> 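The structure that follows is given in the form of structure tokens.
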Protein chains: 2
Amino acid sequence: MTDDRSRPLRERKKLRTRRALADAALRLFTDKGFDATTLEELVEEVEVSKSTFFRAFPAKEAVAIEAETQLWSAYLTTLERREVTGLVLAELRDALLETAAALEPDWDDRYVATRRLVLTAPALLAYVEHHRSGVKKDMIGCLADKLGLDIDDLRLHVLAELAVTAWSVSGRDWVREDGRGGRQALIRRLKDSFEAIPASLHLAAP
Amino acid sequence: MTDDRSRPLRERKKLRTRRALADAALRLFTDKGFDATTLEELVEEVEVSKSTFFRAFPAKEAVAIEAETQLWSAYLTTLERREVTGLVLAELRDALLETAAALEPDWDDRYVATRRLVLTAPALLAYVEHHRSGVKKDMIGCLADKLGLDIDDLRLHVLAELAVTAWSVSGRDWVREDGRGGRQALIRRLKDSFEAIPASLHLAAP
DNA sequence: CCCATGATGACACTGAGTTTCATTTGAGTG
DNA sequence: CACTCAAATGAAACTCAGTGTCATCATGGG
């Protein structure tokens, strides 16, 4: 029990099992494959019951993409804290850069492993897409609130979409190179992606 | 057997069961709810076996969104047939307009019912997202091929994303009004959505 | 008419996710 | 420290989507 004592013991225990499950899942899924690993094996490894697993995660897929989940939940927190001034797209970018820079150091490896895993299991890909879709919805809600716009405003949808896509592409390229260059390399790629967005609209055939 | 005789009988039969399944599914799911309807009930209604169902559709979710699937598969066909000249975004828009205009007349009602259904079942929402994601991938592949670009080119990702988002938002609004105004109303909304895209990038806080 | 091939149905099986309920364990109180 | 309440856990039975196998049936081509 070498954990941070600032929170009640109960909560610390819950967090510990959560981490243990996510770590074991990343290991098992990477070794044996996502489909080939049963939930039973996972919970035996961590020595908890299936009930406990489903109280910590809503689905088998969820435990595999903890790193992705952490990123976006931190992002939404950042976004809500910041006040929006000037170009909204720039705001979305800066919040993302700030969030990426602030993630705990061991996040890098877990994220690389996660993205690798996603490439091997269609079910995981689908789950990530679904999860990001929820994030976009939250982003739109947050922006609509701050800007006094309707949550159906097409512009907000486009902007949320762009931010997530910029991340997705940057992350893919970064992972493809083993996360070489660390957090800074990722951040650099992210800046490049955002800069490339306006040009996209004017892409034309020769 | 009042079907189009141009194809072999075997194929016609397969198509008929497929249609029957999709129609019954839309009816049952709308009445009882997606989760509350078991696959068993569905296949009993249509009088086929579970095996047959899974040869026609890859998942329970798939049979519920046939109208969505038809749209995008027609779109990809259109896109591949057209030659790309000038602005790519305009090309994506025009192909979408052309596709929407060419869908069989009974598509409207089925699509409205489908989108309604999706709003009631999280599993369906996730499945639609996943499906569209596959469509975007195909769009990107098609464009990369025609333009001689890399399939990882960020601009292609952005453009595919924008086209799908424009559709999604237009469709949502159209469905919200019961598909009033028919195909023409949908097409008008779609044009508006595409026109609103460039402005999005310059959205700023007051 | 016959044969090869592809579609179907029946059935058994796996594994994810839910539900229920009894048991344990941490938190607050006197 | 003892007691109590609430929350967390575990055990086990259950539902249902999805897979795999194999025997049977229908179709299309010769």
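Below, read A as the first sequence line, B as the second, and so on, with proteins coming before strands; counting in each chain starts at 1. None of these values were measured; they are calculated from a predicted model. Values below: every heavy atom of this structure, side chains too, minus hydrogens, waters and symmetry copies.
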> Taking salt bridge (Lys or Arg N to Asp or Glu O under 4.0 Å) as the definition, give me every residue that meets it alongside B:E44, ordered by chain and number, with sequence neighbours left out.
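Per chain and number, B:E44 pairs via salt bridge (Lys or Arg N to Asp or Glu O under 4.0 Å) with no residue.
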> Rounding to an integer number of Å, can you tell me how far A:R18 CZ sits from D:dT9 C1'?
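Checked: the CZ to C1' distance equals 17 Å.
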> What residues, two or more places apart in sequence or in another chain, satisfy side-chain hydrogen bond (donor to acceptor under 3.5 Å, both in side chains) together with A:E80?
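Not a single residue meets the side-chain hydrogen bond (donor to acceptor under 3.5 Å, both in side chains) criterion with A:E80.
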> Distances under 3.5 Å only, N/O to N/O: pair up the protein atoms with those of nucleotides 1-6 of chain C.
unit_1	atom_1	unit_2	atom_2	d
C:dT5	O2	B:R10	NH2	3.1
C:dG6	O4'	B:R10	NH1	3.1

> Taking only nitrogen or oxygen atoms into account, show me every contact under 3.5 Å that the protein makes with nucleotides 21-24 of chain C, one pair per line with its distance.
none

> Could you tell me which residues satisfy salt bridge (Lys or Arg N to Asp or Glu O under 4.0 Å) with B:E195, sequence neighbours excluded, listed by chain and number?
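Partners of B:E195 by the salt bridge (Lys or Arg N to Asp or Glu O under 4.0 Å) criterion come out as none, since no residue qualifies.
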> Can you pull out the residues from residues 113-135 of chain A that lie within a 4.0 Å heavy-atom distance of DNA chain D?
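Those residues whose heavy atoms fall under 4.0 Å from DNA chain D, taken from residues 113-135 of chain A, amount to none.
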> So does A:E40 pair up with A:K50, basic N to acidic O under 4.0 Å?
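The answer is no: the pair does not qualify as a salt bridge.
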> What integer distance in Å separates A:R12:CZ from D:dT9:P?
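It is 15 Å, rounded to the nearest whole Å.
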> Using a heavy-atom distance cut-off of less than 4.0 Å, which residues of residues 33-54 of chain B contact DNA chain D?
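DNA chain D contact set from residues 33-54 of chain B: B:T37, B:T38, B:L39, B:K50, B:F54.
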> Could you list the residues that satisfy side-chain contact (heavy atoms from CB on, under 4.5 Å) with B:P58, not counting sequence neighbours?
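Only B:A62, B:Y127 meet the side-chain contact (heavy atoms from CB on, under 4.5 Å) criterion with B:P58.
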> Which distance, rounded to the nearest 0.5 Å, do you find between the CG of A:L124 and the CD of A:E129?
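These two atoms lie 11.0 Å from each other.
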> Just by modelled atom types, is the B:R180 backbone N or O under 3.5 Å from a matching donor or acceptor in the B:D178 side chain?
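No; zero donor-acceptor contacts below 3.5 Å.
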> When you look at B:H130 and A:H130, which way does the side chain to side chain contact (heavy atoms under 4.5 Å, CB included) test go after all the steps?
CA-CA 7 Å; B:H130 173 240; A:H130 174 240; over 6 Å; no
> With sequence neighbours left out, what residues match A:R27 under side-chain hydrogen bond (donor to acceptor under 3.5 Å, both in side chains)?
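If we apply the side-chain hydrogen bond (donor to acceptor under 3.5 Å, both in side chains) test to A:R27, skipping adjacent residues, the hits are A:E45.
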> According to side-chain hydrogen bond (donor to acceptor under 3.5 Å, both in side chains), who are the partners of A:Y75, at least two apart in sequence or on a separate chain?
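For A:Y75, no residue satisfies side-chain hydrogen bond (donor to acceptor under 3.5 Å, both in side chains) once neighbours in sequence are set aside.
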> Pairs in or reaching into residues 19-43 of chain A: which pass ring pair (Phe, Tyr, Trp, His ring centres under 6.0 Å), with residues at least two apart or in two chains?
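Ring pair (Phe, Tyr, Trp, His ring centres under 6.0 Å) check on residues 19-43 of chain A returns A:F29-A:F34.
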> Expressed in angstrom and rounded to an integer, what is the separation of A:K13 atom NZ from D:dA6 atom P?
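Nearest whole value for this atom pair: 20 Å.
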> To the nearest angstrom, how far is B:L21 atom CG from C:dA7 atom C1'?
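Taking CG of B:L21 and C1' of C:dA7, I get 14 Å after rounding.
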> What pairs meet the ring pair (Phe, Tyr, Trp, His ring centres under 6.0 Å) rule with one or both residues in residues 88-126 of chain A, with sequence neighbours excluded?
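Every ring pair (Phe, Tyr, Trp, His ring centres under 6.0 Å) pair that includes a residue of residues 88-126 of chain A, provided the two are not neighbours, is A:W107-A:Y111, A:Y111-A:W167.
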> State the CG-CG distance between B:D173 and B:L190, to the nearest 0.5 angstrom.
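Rounded to the nearest 0.5 Å, the CG-CG separation comes out at 11.0 Å.
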> When the distance from CD of A:E11 to C1' of C:dG26 is rounded to whole Å, what number comes out?
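It is 12 Å, rounded to the nearest whole Å.
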> OP1 or OP2 of D:dG18 less than 4.0 angstrom from a side-chain nitrogen or oxygen of B:K60, does that happen here?
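Answer is no, no contact under 4.0 Å.
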